[in-house]
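Computed from a prediction, not measured in an experiment: that's the story for all the values here. All residue numbers in this chain count up from 1 along the given sequence. Remember, it's 1-based here, ligands and their atoms both numbered in the order they're listed.
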Amino acid sequence: MKIEGKEYRTIWFENNTVKIIDQTKLPHKFVIKDLKTVKDTINAIKKMEVRGAPLIGATAAYGIVLSIIENTDHSFLKTSARELINARPTAINLKWAVDRMMNKLSGLNSDKILEIALNEAQLICKEDISFCKSIGINGLRVIEKIYNKKKDTVNILTHCNAGWLATIDWGTATSPIYHAHKKGIPVHVWADETRPRNQGANLTSYELNEEGIKNTIIADNTGGILMQRGDVDMCIVGTDRTLANGDVCNKVGTYLKALAAHDNNIPFYVALPSSTIDWNIKNYKDIPIEERNSEELSQIEGLDENGIIKKVQIYPKKSKAMNLAFDVTPAKYISGLITEKGICEASELGLKNLFK
Ligand code: MRU
């Protein structure tokens with residue numbers, strides 16, 4: 001998608017270097033950062049210079065490539081794989097991508113190992129773009145149906161950033177929105193600010209602005225009243241891990257939006273590529289929920305009057321704060337899962353019918 005009119009992807013490989021858009025600097029500064037070692041990729045994932053489930057999976061895949069460039073020893077590769085998987089615990093895409101890379105490379109000692117690793121990492125990215133595009137085409141049907149009935153702007157609420165910046169291109173939750181916009185359907189997006197990292201304000205609103213899509217940032221607690229007022233036609237969010245029974249783990253606050261949508265009879269959709277499905281965990285309580293540094297809550301970053309990015313303390317210094325990054329929305333509150341293969345019920349049967 002576009003930034004200042006120029007097409008970008010969120011990650012690419014050039015001259016033995018992984019290039020990323022440093023998302024900690026957005027929306028104030030557009031910085032392309034070079035990752036040259038596997039440690040660089042691990043740090044970029046931990047610091048959330050890259051974030052969003054599909055993108056951290058792709059970054060980890062390229063991390064494996066960088067690890068081979070650094071050292072062809074298999075024990076170094078295995079340590080790199082373990083550290084990459086542990087960089088962030090909740091998004092299953094990280095483990096999915098690293099396992100896929102390691103399976104592909106298993107038993108290989110040839111000169112071709114680097115070429116094979118690079119091809120696989122690039123294939124992961126290519127597939128993600130194609131899956132996200134298909135999610136858009138499938139999700140467009142839901143938006144179109146609402147528009148055909150309403151004959152007026154479709155108001156869509158989204159949480160966090162499940163946009164193209166969270167994937168390689170198109171996004172998951174935003175892909176149906178981009179497809180609707182391209183088809184001339186008038187859409188307006190309510191972008192939840194998404195405290196504490198503000199991905200909704202800093203990334204979703206930013207990327208929608210760049211594509212010319214109308215949007216309004218709201219404080220995280222505003223969605224409920226907008227739904228009661230009839231100002232939300234549907235919700236679409238992303239996911240970091242979808243269980244085989246249809247339960248969805250996504251950015252903290254998603255669950256409360258789903259409850260409010262349920263209470264107000266508003267369709268609540270989750271968009272995901274199949275790389276986000278965890279076929280193994282049976283009980284949502286077994287999902288590792290990331291707890292991040294509480295300073296992400298107690299301090300906030302923005303531009304000062306001189307255009308310099310600054311961090312300031314906003315809480316009493318002595319107060320304790322807790323920063324859980326994800327929550328789980330039970331399948332019963334989800335109207336449908338929008339995947340690359342079509343839309344299905346959020347249930348074991350629904351998912352199994354699509355992904356045999
Ligand atoms: O902590 P983040 O910014 O990595 O969390 C991102 C989300 O929760 C997204 O909704 C999710 O990864 C889906 S991305 C297409």
Using a strict cut-off of less than 4.0 Å between a Lys/Arg side-chain nitrogen and an Asp/Glu carboxylate oxygen, indicate whether D278 and R241 qualify as a salt bridge. yes

For K149, is there an ion pair with E144 - N to carboxylate O distance below 4.0 angstrom? no

Which word best sums up how the rings of H188 and W190 line up, parallel for under 30°, tilted for 30 to 60°, or perpendicular for over 60°? perpendicular

Measure up the Y62 and F13 rings against each other and bin them: parallel (under 30°), tilted (30 to 60°), perpendicular (over 60°). parallel

Verdict with supporting geometry, E49 and K47, salt bridge (Lys or Arg N to Asp or Glu O under 4.0 Å): CA-CA 6 Å; E49 289 165 352; K47 288 201 254 163; 3.6 Å; yes

Give one line per pair: atom of ligand 1, protein atom, distance. Only N/O to N/O under 3.5 Å.
residue: ligand 1; atom: 1 (O); partner: R88; partner atom: NH2; Å: 2.9
residue: ligand 1; atom: 1 (O); partner: K251; partner atom: NZ; Å: 2.7
residue: ligand 1; atom: 3 (O); partner: R51; partner atom: NE; Å: 2.9
residue: ligand 1; atom: 3 (O); partner: R51; partner atom: NH2; Å: 3.1
residue: ligand 1; atom: 3 (O); partner: Q199; partner atom: NE2; Å: 2.8
residue: ligand 1; atom: 4 (O); partner: G52; partner atom: N; Å: 2.9
residue: ligand 1; atom: 4 (O); partner: R88; partner atom: NH1; Å: 2.9
residue: ligand 1; atom: 8 (O); partner: D240; partner atom: OD1; Å: 2.9
residue: ligand 1; atom: 8 (O); partner: N250; partner atom: OD1; Å: 3.2
residue: ligand 1; atom: 8 (O); partner: K251; partner atom: N; Å: 3.4
residue: ligand 1; atom: 10 (O); partner: N250; partner atom: OD1; Å: 2.7
residue: ligand 1; atom: 12 (O); partner: A53; partner atom: N; Å: 2.9
residue: ligand 1; atom: 12 (O); partner: D240; partner atom: OD1; Å: 3.1
residue: ligand 1; atom: 12 (O); partner: D240; partner atom: OD2; Å: 3.1

Compare all side-chain heavy atoms of L272 with those of I277 and state whether any distance is below 4.5 angstrom. yes

